[in-house]
Structure formats: structure tokens, C-alpha cells
Amino acid sequence: MSYILTDISKQIAVLTISRPDALNAINNEVIKDLSTAIKSCIDNNNVGVIILTGSGDKAFVAGADIKRMQALGPKDAYEFGKTGQQMTVLIENSPKPIIAAVNGFALGGGCEISMACHIRVASETAVFGQPEVLLGILPGWGGTQRLPRLVGTGIANEIITTGRMINASEAKSIGLVNHVVPSNELMNKCTEIGDQILKNGPNAIAHSLECIRRGIGTTIEAGLKIEVNKFSNLFGTDEANEGLSAFVEKRKPNFRGTK
Ligand code: DAK
């Protein structure tokens, strides 16, 4: 049985991490199942947007499985760290936007998974944090890299070295999340964003995400080169022909057949 529940409707896949007795804490099996589920959504032509959430009303993901980590030595920890990092890279590199629907605790590895997603929407009850230093370890699934890129170095330094918890409204104020909504509106809000994305060209979306991702780590000049190449490569494609013609013909574009 998989730790991931998959529900696909109207080109939006909802992936629910389901390990409720451990607040959806992540072990190797969850990493494997989540990676498989994401790859399968990326390969599925009936999916255009992915929403990632946690089961229950208490946690998105309460972190890596602390009970399992207790037994790790440096070699196993390196493997666990690498596997978790690969999963976050798979999420971040997805050509289909992945929206984190953060429905509760997003701590340690949970916060790191949410930060690898392209968009974060939090319920009012969400709690973020990188409490690894409280355990004598450090954020090892990209927290030290993605948090400063999202919120700036000074705030990331404080969050990581204090390990303190951040509530949803603070997360919004520092730019860690895009939106905060009441719990019962969380999935609606994510679906609304997903529906808006689905109206647009899938290749244009995928290439935009790639330009943003690759441009962040480089100079403006190098980033502009990536952008102009991606931009020009879209011209002459069926998708760009459809989008540009639809504007001229004063009609809505049809990029995905059914939408
Ligand atoms: N791991 C395993 N079990 C967990 C867990 C976790 N992270 N978080 C919660 N649980 C389990 C609890 O043990 C409890 O199970 P039972 O004792 O009932 O069997 C059950 O979930 C319910 O939790 P609580 O009873 O504690 O519930 P409360 O409402 O009282 O508290 C809490 C909720 C989220 C505040 C608390 O559970 C908590 O503090 N959890 C731990 C949060 C945390 O520290 N998370 C960060 C984990 S460290 C690496 C790369 C990355 C990482 C590690 C290595 N390498 C490069 C090697 C990532 C590290 C982390 O994520």
C-alpha cells in the first residue's frame, strides 16, 4: 500500500501524504512513494497541475521520521539526505506547477518539501519551522539553500538557528507562503489557482518555471540568455500559434483540448 493517495480530477492531481499516526513524518518508504506519484503525474497527459498536501487536519508533514533517524550513522545519514534532496529536486524541477496546500505542521523536512513546491498556500492553522538544531542536526533537504532564497538571509539565519515555529500570518509576512486561508477553504484556494494555471499554455508554463529556477542561481546576464532562448523556442510551436491567433481572432485559446 502506498503512503500517497492520488486523486485526479479536471487535470488537477491531489497527492496526499498519508501517515497520520506519525503526523505524516517522512521515511524512506514515503520518499519512494511520493517520488513515484510525482513522476507518474508528470508523465500523465491528463494532469496539468499537482497539489501536494498532508492527511488529517493537524499536519502537512511534521518532518523527517525522527525515530528512524536515531539509528543512522554518517554513511546512512548521507544516503537519507541525498534521497530526500533528490525528491525535493524532482518537485522543484517538475514542468507542471506543484502547489503545496499546507494544512498544519510543516516542520523540518516538511517545511523543506513545501519550499521545493512552486507555490505555497497555508491554512490559518499552519505552522512552519526548521527545528533541526534542537535535535543537534541541520536542515538537510535543501532548507539552508531554499529558505534564504525565499525569505532572505537574515530571516533564514534566525529561523534556522533558533528553530522557532512560525505561524501562518508570519509566514505570509516574510514571503514564505503566497496565501493564508481558513482551513475549510484551503483546497478550494489551491484548486482556484490550479484552474487559472490550466487556462494557459503548458509549454509556456514549464519553460517559465525553468527560466525562474535556473535564473535564480546565476547572474542577470546569464539569466536573460536562458530567457531569450526559451522565449524564442516557443515561437512557431502549435501552442504559441494557438495563443497568438486566439488573441487576434478575439477568442479564448484552447491549449489543452478539453479546457
Ligand atoms: N518523526 C516521527 N514521528 C513523529 C514526528 C517526526 N518528525 N513528528 C510527530 N511524530 C509522531 C509522534 O512521535 C507521535 O507518535 P506516538 O508517540 O503517538 O507514537 C505522533 O506523531 C503525534 O505527535 P505528538 O504526540 O508529538 O503530537 P503533538 O500535537 O503533541 O505535537 C508536534 C506535534 C509536531 C509539535 C510534535 O510532534 C513535534 O515536535 N514533532 C517533531 C517535529 C520536528 O522536530 N520535526 C523536524 C524533524 S527533523 C537529513 C536531511 C533532512 C532531515 C534529516 C536528515 N540528512 C541530510 C541526513 C530532516 C530533518 C527533520 O525533518
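Numbering starts at 1 and runs along the sequence shown. For ligands, and for the atoms within them, numbers begin at 1 and follow the listed sequence.
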>> Using every non-hydrogen atom in the two residues, find where Cys41 and Leu15 come nearest and quote the distance to one decimal.
In response: SG-CD2, 4.0 Å

>> Applying side-chain hydrogen bond (donor to acceptor under 3.5 Å, both in side chains) as the test, list every pair that has at least one member in residues 68-87; sequence neighbours left out.
In response: Glu29-Arg68

>> So, using side chain to side chain contact (heavy atoms under 4.5 Å, CB included) as the criterion, who are the partners of Ile119 when residues are at least two apart?
In response: Ile99, Val121, Asn178, Ile193, Ile197

>> Is it the case that over 12 heavy atoms from other parts of the model lie below 6.0 angstrom from the CG atom of Asp57?
In response: no

Table please: side-chain donor-acceptor pairs of residues 179-192 below 3.5 Å, with sequence neighbours left out.
from: Lys189; atom 1: NZ; to: Glu192; atom 2: OE2; distance (Å): 3.4
from: Thr191; atom 1: OG1; to: Met187; atom 2: O; distance (Å): 2.7

>> I'd like to know if Arg251 pairs up with Glu242 as an ion pair, taking the criterion as any Lys NZ or Arg NE/NH1/NH2 lying under 4.0 Å from an Asp or Glu carboxylate oxygen.
In response: yes

>> What does the 4.0 Å heavy-atom contact list look like for ligand 1?
In response: Asp21, Ala22, Leu23, Ala25, Lys58, Ala62, Gly63, Ala64, Asp65, Ile66, Lys67, Met69, Ala77, Gly81, Phe105, Leu107, Gly108, Gly109, Pro131, Glu132, Leu135, Gly140, Trp141

